[in-house]
Amino acid sequence: MKIFRFRIYLYFALCCILAMFSCGKSYLDVKRNQSEVVPHNISDYQALLDKYDLMNLKSCYNLSIVAADEYVVPLDKWETLTHPDQKNAHIWAKEIFEGKSSDDWDEAYNRILIANISADGAEKITPNEMEHEAWSTLKGNAFFYRAFNHYQLTQVFCKPYNAQSADSDLGIVLRTESDVTIRAKRASIAETYAQIINDLETASELLPVKAVIKYRPCRAAAFALLARVYMQMDNYGKALECADSAWELNHTLIDFNELDTELRYSFTIDYESNPEILFISSIPNLQIFSAARYNILPQLYDLYEDDDLRKQIYFYQDPNNGLLFKGSYKGGATFFTGLATDEILLMRAECNVRVGKLSTARECLNLLRAYRYTKEAYSEITEDNRENLLKIALEEKRKELVFRGTRWEDLRRLNKDSRTAVTLERNLDKTVYKIEPNSLRYAFPIPDNEMDLSGLVQNER
């Protein structure tokens with residue numbers, strides 16, 4: 001991809017990082033012999049995947065969150081943006097990158113390269129009995145990371161899944177080997193989703209039920225991501241099976257009644273103590289989301305009833321900057337884009353409605369709401385109309401998963417159905433920008449520099 005030589009340099013840079021990371025020696029003490037720094041055993045390859053600043057903290061959901069309908073930016077603040085991708089994605093412009101590279105694209109393929117190096121390395125190792133668990137974890141981690149990044153790229157740079165045209169619609173460049181000299185070409189959407197599913201099914205068989213740290217995926221995370229994938233494919237029966245499997249492995253929820261609503265950030269940066277988190281992923285602090293620039297979309301805020309604790313846990317009124325978000329599971333100002341049990345429960349709720357199991361759907365929604373509303377005000381949902389219950393399930397998901405990166409995915413998916421399709425608008429003073437349901441602009445363009453170097457077929461805009 002991008003520049004083959006860059007990828008090769010990255011590989012050797014990672015090896016050097018690994019040597020310093022695993023040996024605990026100073027930079028000057030690192031041995032110069034290449035054969036002594038190239039990873040060769042299970043712990044070496046796992047250490048590559050454990051570099052969380054590379055593998056977890058730069059999720060490729062930047063454009064997804066910027067383009068979604070969860071916030072507003074006034075014209076004078078928008079005009080001061082110096083990052084063209086953020087400035088243009090906010091108004092769904094035809095041109096996004098203005099000749100610059102894309103972190104969403106580059107960082108994802110860097111992570112895929114690391115995953116492939118580790119997967120290929122695992123294949124070369126024959127573990128003994130004592131090593132087998134570590135070997136399975138390594139291989140499961142590698143397949144999960146590859147699938148997670150391929151999936152995110154698909155949601156940003158490809159059309160939404162359409163069963164009738166999936167064999168001909170352009171997917172992403174699938175990288176399943178560490179050989180960077182293989183010529184880049186775009187797979188079809190059908191091939192892309194099939195690869196992601198295959199990787200996640202493999203990962204679900206190899207990953208442990210509980211990861212050592214939440215920067216590593218666990219088995220429930222693999223099933224949760226599989227549920228997301230099948231939902232994008234409108235295969236709600238399979239999505240429900242996967243969500244149920246994930247829920248069976250981990251169904252712990254936080255009772256928001258026990259949280260301090262006065263805290264500046266509602267969730268601690270000690271995310272290991274957050275029982276809902278299955279897998280940590282986040283995006284870096286983006287310029288457009290500085291406290292002095294953005295505000296929460298009023299229509300989103302108005303969805304919360306006064307007795308809904310999320311209204312106080314997720315948001316706060318800054319005296320200088322207005323209504324801001326404080327509810328990231330990552331803690332602090334960075335947005336959590338990983339996988340958690342609350343999302344699993346909401347996927348189960350929607351999928352149960354879709355397949356006609358309304359009683360189970362209500363149970364899912366009522367369980368979540370019991371932990372999100374004040375105990376004094378909580379009342380159960382009794383709706384028995386299928387269309388109305390679907391509307392409630394989708395609204396609960398929108399309220400629960402703020403700034404997780406999932407809203408853009410849901411818009412792409414739900415716009416395929418006229419009953420749930422919406423037109424988004426940005427009002428910048430006297431200019432109104434719109435993106436219609438099923439617009440070609442729900443797939444971002446391949447970055448300009450990648451087009452120049454690889455000659456890929458560009459997305460229509």
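Along the sequence shown, residues are numbered consecutively beginning with 1.
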Can you confirm whether [X] is buried at [atom1], in the sense that more than 12 heavy atoms of other residues, nucleotides or ligands lie under 6.0 Å from that atom?
X    : atom1 : answer
Q317 : CD    : yes
K159 : NZ    : no
E272 : CD    : yes
K357 : NZ    : no
Q287 : CD    : yes
Y378 : OH    : yes

[X] side chain to [Y] side chain, donor-acceptor N/O pair below 3.5 angstrom:
X    : Y    : result
R264 : Y316 : yes
E70  : Y294 : no
Q46  : T137 : no
E409 : S64  : no
R186 : N459 : yes
D104 : S102 : no

Quick one: are [X] and [Y] in side-chain contact, heavy atoms under 4.5 Å?
X    : Y    : result
L174 : H150 : yes
L57  : P284 : no
T334 : I283 : no
R219 : V209 : yes
Y109 : L153 : yes

*Can you spot which of F267, F403, Y265 makes a ring pair (Phe, Tyr, Trp, His ring centres under 6.0 Å) with Y329?*
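For Y329, the ring pair (Phe, Tyr, Trp, His ring centres under 6.0 Å) test succeeds with only one of F267, F403, Y265, which is F267.
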
*Determine the sole option in F279, Y52, Y145, F144 for which the ring pair (Phe, Tyr, Trp, His ring centres under 6.0 Å) test with Y215 is passed.*
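Running ring pair (Phe, Tyr, Trp, His ring centres under 6.0 Å) over F279, Y52, Y145, F144 with Y215 returns exactly one hit, Y52.
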
Strictly under 6.0 Å, is that where the ring centroids of [X] and [Y] end up?
X    : Y    : value
W105 : F97  : no
W92  : Y442 : no
Y271 : F336 : no

Look at [X] together with [Y] and state whether they make a salt bridge at an N to O cut-off of under 4.0 Å.
X    : Y    : result
D255 : K375 : yes
R228 : E343 : yes
E395 : R398 : no
R404 : E276 : no
D106 : K58  : no

For the side chain of [X] and the backbone of [Y], is there at least one donor-acceptor N/O pair under 3.5 Å apart?
X    : Y    : value
T268 : D270 : yes
Q312 : L309 : no
H251 : L345 : no
S59  : S281 : no
K416 : D234 : no
D169 : I189 : no

*With salt bridge (Lys or Arg N to Asp or Glu O under 4.0 Å) as the test, would you mind laying out the steps for D244 and R348 before giving the verdict?*
CA-CA 7 Å; D244 282 346; R348 292 181 68 230; 2.6 Å; yes

*Would you sort out whether R372 and D308 count as a salt bridge (Lys or Arg N to Asp or Glu O under 4.0 Å), showing the intermediate values?*
CA-CA 6 Å; R372 298 304 190 248; D308 187 336; over 6 Å; no

*Apply the test salt bridge (Lys or Arg N to Asp or Glu O under 4.0 Å) to residues R407 and D410: give CA-CA distance (whole Å), side-chain angles for both, the deciding distance (0.1 Å), then the verdict.*
CA-CA 5 Å; R407 176 59 179 169; D410 283 341; 5.7 Å; no

Looking only at heavy atoms, what is the nearest atom pair of [X] and [Y], with distance?
X    : Y    : result
S136 : L206 : O-CB, 3.4 Å
P84  : K100 : CG-CD, 3.9 Å
A349 : C364 : CB-CB, 3.8 Å
Y45  : P39  : OH-O, 3.0 Å
C158 : R412 : O-NH1, 2.7 Å

*About how many Å separate CD1 of I114 and CG of D50, when rounded to the nearest 0.5 Å?*
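CD1 of I114 is found 11.5 Å from CG of D50.
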
*What is the distance from atom CE of M347 to atom CG of D342, rounded to the nearest 0.5 Å?*
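If I round to the nearest 0.5 Å, the distance is 9.5 Å.
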
*Y373 ring centre to R369 NZ or CZ under 6.0 Å, with the angle to the axis within 45°?*
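Yes.
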
*Check the pair E400 / R310 against salt bridge (Lys or Arg N to Asp or Glu O under 4.0 Å), numbers first and verdict last.*
CA-CA 8 Å; E400 180 71 15; R310 289 171 294 194; 2.9 Å; yes

*Under the ring pair (Phe, Tyr, Trp, His ring centres under 6.0 Å) rule, collect the residues that match up with F315, sequence neighbours excluded.*
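Y301, Y304.
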
_C242 and side chain to side chain contact (heavy atoms under 4.5 Å, CB included): which single residue from L200, L226, V229, I344 fits?_
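When side chain to side chain contact (heavy atoms under 4.5 Å, CB included) is applied between C242 and each of L200, L226, V229, I344, only L226 qualifies.
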
*asked:* Set out, in order, the CA-CA distance, both residues' side-chain angles and the distance that settles ring pair (Phe, Tyr, Trp, His ring centres under 6.0 Å) for F289 and F325, then state yes or no.
replied: CA-CA 10 Å; F289 293 118; F325 180 66; 9.6 Å; no

